Amino acid sequence: MRDIYLVAASLLTGLTVPTSALPQSLLMKVSNHPSESGVKNNSPIITNGKIEAVAEISPPEFSQPRLSNSANSSPSSKVVISRKVSSGPQMYYQRLSALRAGRIYTRLSANTWYPSSVSSKRFRKLTYTDWKTLLAMEARAMADGQGNNHLSILLGDSLSMWFPKEKLPDGQLWLNQGISGDTSTGILKRLSVFSATRPRTIYIMAGINDLRRGTKAKTIINNHRLMIRRLRRIHPKTEIIIQSILPTSRPNLPNHYIRYINKQLAMVAKQEGAKFINIHHWFIDFQGNLRPELTTDGLHLSQQGYEVWRSALQQPEYRLTGLEMLNVSLINFWEQSKLEKIK
């Protein structure tokens, strides 16, 4: 059975997203150079809230797996392989540029970089609404282009948002719906954004920003219950997985309180028919704090931290893919047996 899991996890799926999936009301000027991101010289420019020009979008290139680390790129985009996203605004513009070039951000290789005429010095301060709009655009593109491919969704705050795309388990498509600084209340209010998608699995991690703002445990727990119920109505065939809140090494975020909330979340998940995975203990040291090598600031994760999280995600992904392959094998065996009897 383990071999089935490993084989299934190694499969890469393709994705075709029609150009119609991309809204014309893009609210950012991404590029005004003909060779950048496949966008011609009439990128949308907003003046006093009005769109002066609408970009022409190149043919979509979602049918390919993640790009390899080579200098080759599609005709619709000029990609530089040497830089990494290091800030929230950079990530925002890169994801927007990827959409404009006919790609989903999570399908790109680790160092894929879309050149933009918007330099980091000119990045304006992004709002929560900006991020919600971007995530809605990505969800719409994914819904229209998913086809028969399996889809998993990461739903959460900055911890989910910064999950390196190259570390996401293979074997299905991924849609990242994390927003930096978001709370369980904010996440609860934006579940409908990806309602048109057909996810096999939705992973939820929320609550740490609630604790930073002094939100009571009761509210966090109740929000998770409501999230499960609403997602169950929208996606009745989807497996909903609640992930435990991760530990910290910050005195103002006591880990004994986090452990208490995690126990309550496990109970809620069981009561509501969802799954709960406790990855909290994967990250703790002997004192129960977040292991220093797994964090950058006592709260957010390092690359090593995301490697640990990746390992935690692989377990349910292997199980789901393996069970599906086993079911197909059993059905084929049964059909073959019936044919043998007929002969």
Side-chain angles (χ1 to χ4, degrees), residues 9 11-18 20-23 60-67 85 88 91-92 94-110 112 130-180 182 186-206 227-228 230-232 234-243 306 309-310 313-314 316-317 320-321:
L11 298 177
L12 288 174
T13 57
L15 176 62
T16 303
V17 175
S20 60
L22 302 175
E61 300 290 341
F62 283 116
S63 58
Q64 303 176 12
R66 292 196 189 107
L67 296 173
V85 172
M91 176 179 283
Y92 178 91
Q94 284 299 293
R95 288 168 70 162
L96 185 58
S97 295
L99 277 176
R100 299 282 296 283
R103 297 182 181 275
I104 285 286
Y105 184 72
T106 54
R107 300 295 292 166
L108 304 180
S109 65
T112 301
D130 290 329
W131 279 100
K132 287 197 300 182
T133 301
L134 176 64
L135 266 55
M137 290 163 57
E138 290 180 334
R140 178 179 169 185
M142 184 66 77
D144 287 349
Q146 180 182 344
N148 294 323
N149 297 307
H150 291 311
L151 171 66
S152 293
I153 296 178
L154 283 180
L155 183 59
D157 48 39
S158 60
L159 292 171
S160 297
M161 186 185 85
W162 282 104
F163 200 115
K165 53 186 180 296
E166 69 276 8
K167 295 184 186 298
L168 292 168
D170 293 325
Q172 67 281 310
L173 305 174
W174 286 89
L175 183 64
N176 193 318
Q177 292 283 292
I179 298 180
S180 181
D182 211 354
I187 294 170
L188 178 62
K189 293 179 179 179
R190 58 184 177 90
L191 299 181
S192 61
V193 166
F194 52 89
S195 60
T197 63
R198 301 172 302 284
R200 180 181 63 173
T201 316
I202 298 175
Y203 294 92
I204 303 171
M205 182 183 286
M227 275 190 267
I228 295 172
R230 291 182 187 179
L231 288 173
R232 183 67 67 211
I234 301 171
H235 307 282
K237 297 181 179 180
T238 298
E239 181 165 55
I240 301 169
I241 298 180
I242 302 297
Q243 302 172 96
Y306 280 110
W309 193 354
R310 170 189 169 91
L313 290 183
Q314 282 178 330
E317 290 298 327
L320 287 170
T321 305

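The figures that follow rest on heavy atoms only: side chains count, while hydrogens, waters and symmetry mates do not. None of these values were measured; they are calculated from a predicted model.
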Asks: To the closest 0.5 Å, what do you measure between CD1 (Ile179) and OG (Ser158)?
Replies: 11.0 Å
Asks: How many angstroms lie between atom CD of Gln172 and atom CD1 of Ile153, to the nearest 0.5 angstrom?
Replies: 11.5 Å
Asks: Give me the atom names and distance for the closest heavy-atom approach of Arg198 to Ala143.
Replies: NH1-O, 3.4 Å
Asks: So, taking the atom named CG in Asn176 and the one named CD in Glu138, what distance separates them when rounded to the nearest 0.5 Å?
Replies: 7.5 Å
Asks: Does the side-chain contact (heavy atoms from CB on, under 4.5 Å) test come out yes or no for Phe163 and Met205, once each step is laid out?
Replies: CA-CA 12 Å; Phe163 200 115; Met205 182 183 286; over 6 Å; no
Asks: Rounded to the nearest 0.5 Å, what separation is found between the CD1 atom of Ile240 and the CZ atom of Arg232?
Replies: 4.0 Å
Asks: Under 3.5 Å, side chain of Arg200 to main-chain N/O of Leu151, donor-acceptor pair present?
Replies: no
Asks: Between Met91 and Tyr105, does the side-chain contact (heavy atoms from CB on, under 4.5 Å) criterion hold? Intermediate values first, please.
Replies: CA-CA 9 Å; Met91 176 179 283; Tyr105 184 72; 4.2 Å; yes
Asks: Could you list the residues that satisfy ring pair (Phe, Tyr, Trp, His ring centres under 6.0 Å) with Trp162, not counting sequence neighbours?
Replies: none
Asks: Are any non-hydrogen side-chain atoms of Leu108 and Gln94 less than 4.5 angstrom apart?
Replies: no
Asks: Taking the side chain as everything from C-beta on, heavy atoms only, tell me whether Thr106 gets closer than 4.5 Å to Leu173.
Replies: no
Asks: What is the ring orientation for Trp131 with Tyr92, classed by angle as parallel under 30°, tilted 30 to 60°, or perpendicular over 60°?
Replies: perpendicular
Asks: Judged by atom type as modelled, is there a donor-acceptor pair below 3.5 Å linking the side chain of Tyr306 to the main-chain atoms of Leu168?
Replies: no
Asks: Name each donor-acceptor pair under 3.5 Å that joins a side chain in residues 187-196 to protein atoms two or more places apart or in another chain, with its distance.
Replies:
{"residue": "Arg190", "atom": "NE", "partner": "Asp182", "partner atom": "OD2", "Å": "2.7"}
{"residue": "Arg190", "atom": "NH1", "partner": "Gln177", "partner atom": "O", "Å": "2.9"}
{"residue": "Arg190", "atom": "NH2", "partner": "Gly156", "partner atom": "O", "Å": "3.0"}
{"residue": "Arg190", "atom": "NH2", "partner": "Gln177", "partner atom": "O", "Å": "3.1"}
{"residue": "Arg190", "atom": "NH2", "partner": "Asp182", "partner atom": "OD2", "Å": "2.9"}
{"residue": "Ser195", "atom": "OG", "partner": "Ser192", "partner atom": "O", "Å": "2.9"}

Asks: Would you say that Ile228 contacts Ile242 through its side chain, given a criterion of any heavy-atom pair below 4.5 Å between the two side chains?
Replies: yes
Asks: Trp174 versus Leu313: any side-chain heavy-atom pair under 4.5 Å?
Replies: yes
Asks: Keeping Ser160 on the side-chain end and Leu154 on the backbone end, is there a donor-acceptor pair under 3.5 Å?
Replies: no
Asks: Do the non-hydrogen side-chain atoms of Arg95 and Leu135 ever get within less than 4.5 Å of each other?
Replies: yes
Asks: Tell me the closest heavy-atom pair linking Arg310 and Pro169, and the distance in Å.
Replies: NH1-N, 3.8 Å
Asks: Nearest 0.5 angstrom please: Glu239 CD to Leu231 CG, how far?
Replies: 13.0 Å
Asks: CD1 of Ile204 to CG of Leu155: how many Å apart, nearest 0.5 Å?
Replies: 5.5 Å
